[in-house]
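Here is the structure we will look at, set down as structure tokens.
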Amino acid sequence: PVEAVQPMMLLMLSDETSAIIRKGAVTVLGEIQAKETLPALLWVLSTRYEDIKDFQRHIKRQYRTMAGLSAAIDALKIGWTPEYPKPDYRTWSELKPIPSLVRSEVAISLGKIKGDEVVEPLINALEEDERAAVRRSATWALGEIKGDAVIPPLERTLKKDEQGIVRGEAAIALGKIKGDKVVEPLLTALKKDKYETTRKQAAIALRELNPKLADDGLVDVLKKGVGTFEEGKEAQSVLNEVMGALIKDVNATTAKFLLDALKSADDELVRWSIVHTLGGIKDQSAADAITTELANPSYIVRKEAAATLGGYKDRKAVDALIKVLQDASESKSIRASAAASLGALLDERASAPLRTALDDQNAEVRLQAVAALGAIKDANAVDKLIGLLQNPLEDGEVHAACVTALASIGDKKAEAVLFNIVITETGDLYKNAIAALGSLKSGGAVPPLLQILEDRGAEANARKIAATALATIGDARA
């Protein structure tokens, strides 16, 4: 409320009040956002120094005489009270510095209040306050205010501030401002700043900017590979944000930059990163190059290529993925990834090889083959899926996937085995079977499903699934 303004300003300016309470008072002023508070807030922000001698010298230089200081305090328009009287300073040595905790909160409040009159004082605090916490808050505030006037000081801060935490905040602020003007300073920080968090924040900021200007530089960073900055490489946390920025752009220009980089990438982690990023973009121009990577000597590159190709919806990749699935000398994880991608491509040419994969000795491969056949809705796989489901020695995850696949295929032959699971099993398999009977719209399932629904002692989630299944079936008995 507006009536809180004067009490909060009194607390903020009270030398005898704790820094925490003074900070809280400033927070309240920032929420009220009354323009009458600006003189006092700006005065507090201008005090700059924590060291008492530096603070006193700064105030003396600014006001020259005690009378000048007294006049400046009068100009703050504070309603002094007997409990909080106007300070009666007789000598400069009586002045106490305003804690950085309070000055920092003032900068944040000014960022909420906004207005042209707060920009220059915030820039001054950004460039002159001795405490990094205050400079960081001033940086945040300028990012909230935005506008062309704040870009040059933020660029200078990003380049020159001694504290990485302030430079990182400058990267965030420039990202909020957006516009082509901020791309180059952010790329420079990403490539050259020694502080990992600053580089990470620069990459995040570049997500929102013009990919035609930013993405070539982002790819340059991706090409460094994982390692220390001192070695000319990059931390994984920064590379993750670089990949995220490139994936977000989803355009042919970005794909071209990455494909060019792929041609010369020797490091397997760099190659993996490029394949992963191309997989996220899913530009069709990359499909052939990713298919070629299925033959890469590196395990991690081949696995990423196999997992990625399902997202391209490129039927040309089907034969290559089938070849990987059928290659007994290939890693089981890569073959499983190939099966998953075949399921995503929904190409019937993959049905027979996937049915064969149901007999694979590796559960990981069988699991993905089951899921893929369910996605393709291969009716010819029903008998084998039922066989896997009835095999007591089969892996539990494969059992669960079989139930889901049978529901997706929709063949009534699965009803009997699903009934049996509902009667004999518990846990996720039991609940999956309930849902599957609903998907099959099995009239014969209505009585047992009603029994589950009406059993107040049954698990709540199972009853909920049974209710949904009954609604799907649409039988009058329900």
Side-chain angles (χ1 to χ4, degrees), residues 131-133 135-136 139-140 143 154-176 182-209 211 213-249 254-255 257-281 289-290 293 296-305 307-308 333:
R131 288 301 176 98
R135 299 198 303 276
R136 182 186 187 188
T139 303
W140 175 88
L154 288 172
E155 288 182 3
R156 290 193 295 272
T157 297
L158 181 60
K159 185 177 182 180
K160 295 182 179 180
D161 198 281
E162 294 179 355
Q163 296 296 321
I165 195 170
V166 181
R167 299 195 303 275
E169 194 67 46
I172 295 171
L174 288 168
K176 293 177 185 175
V182 306
V183 173
E184 190 56 39
L186 285 168
L187 281 174
T188 299
L190 176 60
K191 293 178 180 180
K192 296 184 177 181
D193 199 290
K194 293 181 180 180
Y195 187 59
E196 181 180 327
T197 300
T198 300
R199 301 196 304 276
K200 182 177 177 180
Q201 295 298 348
I204 292 171
L206 286 163
R207 286 187 182 201
E208 307 299 327
L209 302 179
L213 297 177
D215 285 2
D216 197 14
L218 287 166
V219 172
D220 284 342
V221 174
L222 197 63
K223 287 160 61 178
K224 288 183 176 183
V226 180
T228 66
F229 185 76
E230 292 72 22
E231 295 172 332
K233 295 185 178 295
E234 189 50 273
Q236 187 64 60
S237 67
V238 178
L239 291 176
N240 288 344
E241 298 301 339
V242 168
M243 287 187 282
L246 291 166
I247 288 170
K248 185 177 184 297
D249 293 332
T254 305
F257 291 146
L258 288 162
L259 287 169
D260 288 344
L262 187 63
K263 293 173 185 176
S264 59
D266 295 325
D267 183 282
E268 71 169 345
L269 289 174
V270 172
R271 221 167 171 82
W272 175 90
S273 297
I274 295 172
V275 170
H276 173 78
T277 306
L278 284 167
I281 294 172
I290 301 300
E293 294 302 310
N296 193 284
S298 166
Y299 164 81
I300 62 171
V301 175
R302 294 197 312 279
K303 189 172 189 298
E304 189 63 26
T308 291
S333 294

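Values in this document were obtained by computation on a predicted structure and should not be read as measured data.
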Quick one, Val270 with Leu222, criterion side-chain contact (heavy atoms from CB on, under 4.5 Å). Give me CA distance, side-chain angles, the key distance, then yes/no. CA-CA 7 Å; Val270 172; Leu222 197 63; 5.8 Å; no
### Query
Mind checking whether Asp215 and Leu246 have side chains closer than 4.5 Å, heavy atoms only?
yes
The complete set of side chain to side chain donor-acceptor pair (under 3.5 Å) pairs with one or both residues in residues 154-166, sequence neighbours excluded, reads Glu127-Arg156, Arg135-Asp161
Looking only at heavy atoms, the pair that brings Lys191 and Gly217 closest together is CE-O, 3.8 Å
Rounded to the nearest 0.5 angstrom, the OG-CZ distance for Ser298 and Arg271 is 9.5 Å
- Task: Verify side-chain contact (heavy atoms from CB on, under 4.5 Å) between Val219 and Thr277, making sure each step is shown before the conclusion.
- Result: CA-CA 10 Å; Val219 172; Thr277 306; over 6 Å; no
Mind running side-chain contact (heavy atoms from CB on, under 4.5 Å) on Leu190 and Leu218 for me, showing each step along the way? CA-CA 8 Å; Leu190 176 60; Leu218 287 166; 3.6 Å; yes
To the nearest 0.5 Å, atom CD of Glu304 lies from atom OH of Tyr299 at 11.0 Å
By salt bridge (Lys or Arg N to Asp or Glu O under 4.0 Å), Asp216 pairs with (sequence neighbours left out) none
Side-chain touch Thr198/Gln201, heavy atoms, less than 4.5 angstrom: no
Interatomic distance, CD1@Ile274 vs CG@Leu262, rounded to 0.5 Å, equals 5.5 Å
Looking only at heavy atoms, the pair that brings Ala189 and Ala202 closest together is CB-CB, 4.4 Å
Of all heavy-atom pairs linking Pro211 and Thr254, the shortest is CB-OG1, 4.2 Å
task = Apply side-chain contact (heavy atoms from CB on, under 4.5 Å) to the pair Leu187 and Val221, showing each step before the final yes or no.
result = CA-CA 9 Å; Leu187 281 174; Val221 174; over 6 Å; no
Quick note, salt bridge (Lys or Arg N to Asp or Glu O under 4.0 Å) partners involving residues 165-175, not counting sequence neighbours, are Arg136-Glu169, Arg167-Asp193
Applying salt bridge (Lys or Arg N to Asp or Glu O under 4.0 Å) to Glu208 and not counting sequence neighbours gives Lys248
Residues at least two apart in sequence or cross-chain that pass salt bridge (Lys or Arg N to Asp or Glu O under 4.0 Å) with Asp267, listed by chain then number, are none
* pair Val183-Leu206: side-chain heavy atoms closer than 4.5 Å -> yes
Rounded to the nearest 0.5 angstrom, the CD1-CG distance for Ile290 and Leu278 is 4.5 Å
Nearest heavy-atom contact between Ala173 and Gly143 is CB-CA, 3.7 Å
### Task
State, yes or no, whether a side-chain contact exists between Glu293 and Thr308 at a heavy-atom distance under 4.5 Å.
no
So CH2 of Trp272 and CE of Met243: to nearest 0.5 Å the spacing works out to 4.5 Å
Residues pairing under salt bridge (Lys or Arg N to Asp or Glu O under 4.0 Å) where one sits in residues 228-247, two or more places apart or in two chains, turn out to be Arg199-Glu234, Arg207-Glu241
To the nearest 0.5 Å, atom NE2 of His276 lies from atom CG of Leu269 at 13.0 Å
State, with a plain yes or no, whether a side-chain heavy atom of Ile172 is found less than 4.5 Å away from one of Ile204. no
Scanning both residues in full, the closest heavy-atom pair of Lys192 with Phe229 reads O-CZ, 3.3 Å
